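Below: one structure, written as structure tokens.
Fair warning: this is a prediction, and the values are worked out from it, not measured in the lab.
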Amino acid sequence: MTKCTTKKGSIKIIQVVAKSLGILDELRFIRNKNQYYHMSEYEDLKTGDIVAEALIDWGVDVVFGIPGDSINGFIEALRVRKDKIKFVLVRHEESAALMACGYAKYTGKLGVCTSIAGPGAIHLLNGLYDAKADNTPVIVITGGTSTDLMNSSFQQDVNLMNLFSDVSVYNSMIGSPRQAEMAVDIACRTAYVRKGVSHLNIPNDVQEQKLEGHYSRHKVPGHTSDIFVTPTSADKKLIEKTAEILNNGKKIVILVGQGALNASEEVIDVAQKLNAPIIKAMLGKAVVPDDHPHSLGGIGFLGTEPSSDAMAESDTLFMVGTSFPYIEYLPRPGQATGIQIDIKPEKIGLRYPIKIGLIGDSKQVLLDLIPLLHDRRTDRRDNDTSAEFLKSKQEAMKKWNDILNEQSSRVDEPIKPQVVAGAVSNELDDNAIISVDSGINTCWAARFLKLKNGMKFSGSGSLATMGCAVPYAIAAKIAYPDRQSVAFVGDGGFTMLMSEFATAVQYNLPIKVIILNNKILGMIRWEQMAFLGNPEYGIEFSQIDFVKIAEACGGKGFSISKIKDVEPVIHEAMREDNVPVIVDAHVDPFEAPLPPKISMEFVSNIAKAFAKGQPYAKEIGLTLSIDQLHEKLRALHSHKQEN
């Protein structure tokens, strides 16, 4: 064999071998282009541009955030595409994350937020944990220190990969424009499928790098795609077993949550076939209208007495799209046969012993289940018990609603928060979107804001963060500009992020902010007293004039301190469609958010708090006594009417 000692000779031998293998053309392509593969459609675009284009491909049309040095490359990419994707400047990064979460909850699309490295990224975390806790798909894009200065204690250099490791379902740094499209596709797909937060960190200098040169030899242009497939329905045999259990149930209760929001008609169909009452976790409040004959309202501390009784008596618990955390309000383990539908396998059996777990989309699973259920409205087999069970709870619910109507119609002063909530409820449009904050105001919203078919309702469910309602309401108004968007808040939660009212003004978003102003952290008062038996401490605020805040920001402010002003002021504020409004409703700070059933422990702990020196004990005791008197008089009046 002739020994080849020149470069030219080596190339000749390679060509002969390539020709014999039939790959000479491919070899010429590689040699002529001096690369492994052509670049993608994004060739010569910067990393920031590629990320923006990839987000647009996923249907993203709005990004919430604050610009800054380490993210300005991505911000520039948004600027040149402002006809396709809107950037909303917020006043605090926490709000950007909360807006992204609210946007995703209300639309079902990806919510997206962005910030600089360091302090900006740190500020995002609370809103991102809200998304994580409520299984909401959010993309967060953070800037980072330039690659040649990482881990050198440079300004705002924080290890964001560690920082975001717990909150995210996907957590990646984009180190090259060649990685950008793939990283965005994975982030978006993972956020959708796993119902959580995907974090993409882009170092400052990488944002400005152009896609050029060549991919590695294992990378093929166009290999990634902007689609995802979510689980649809459960195993057929499991659905058949579920139908068998439900058909044999005598006292079936359906508990729905956020995961059933797309299955309202199917939930009602199942309930009607089975003579089953429907109980709603807070994030599932919009699944079924509050006035539907099968609805027993909420559950837990915010719930109703009929829902508590139904859970205590049930023999079958059917959970649809919920992992309601307060298990003490569910049937006792072993009392009821548990069935659960959830799109996330790890949620099955988390709160209650489950006989059958159905993994899939609630709507599709129920559609497959419904034909297998006996219709007890026409099929009288074993129907008496279930019909009697449902009827008893419907009668109890009528009495409960009578109590709520009486509470929301009181004319004594100080104004009761229930009265304000009732007035707001009466002014809601048929397709209104209601965002509630976390605190004592949540109790009044859960019970007194009556949802109709077509309304949307949400808040911070599992995380229960204060300050979420105004960012949520802004996101809702951006998503649905023609719909009424209401933030129902307390003064404590509102002041945490009240600067975002200026954001609503800046973007001409006429949201309505209803503040139940009791000048305290009301829920914490009752947690300290009724749960621990301790006097309240550290919960009183100095007064803020929220009307002036509204006017200073460029909006309109209303104040309510007299009962005669409640209905006319609420009506005027809720009909204002030109500018954002604040209604500062001064309410009784001593009104108690009583649970649906008052236990002896609850009463005993309040007595202990009084004995230890509870401030305002006289006022609180008087309020509790008057509340009880009103309910006794109402019950007496109701009894006389029945006889």
Does [X] pair with [Y] as a salt bridge, N-O distance under 4.0 Å?
| X | Y | value |
| --- | --- | --- |
| K597 | D309 | yes |
| K548 | D584 | no |
| E305 | K399 | no |
| E540 | K519 | no |

Please check if any side-chain donor atom of Y129 sits under 3.5 Å from a side-chain acceptor atom of D166, or the reverse. yes
Give a yes-or-no answer on whether the side chains of S408 and Q418 include a donor-acceptor pair shorter than 3.5 Å. no
Check: K105 main-chain N/O paired with T136 side-chain donor or acceptor under 3.5 Å: no
Main chain of S323, side chain of R351: is a donor-acceptor contact present, judged purely on distance under 3.5 Å? yes
Using every non-hydrogen atom in the two residues, find where G555 and F501 come nearest and quote the distance to one decimal. CA-CE2, 4.1 Å
Centroid-to-centroid, F546 to F494, below 6.0 Å? yes
Is it the case that the ring center of Y616 lies less than 6.0 angstrom away from the ring center of F590? yes
Report the residues that fulfil side-chain hydrogen bond (donor to acceptor under 3.5 Å, both in side chains) with S307, sequence neighbours left out, ordered by chain and then residue number. T304
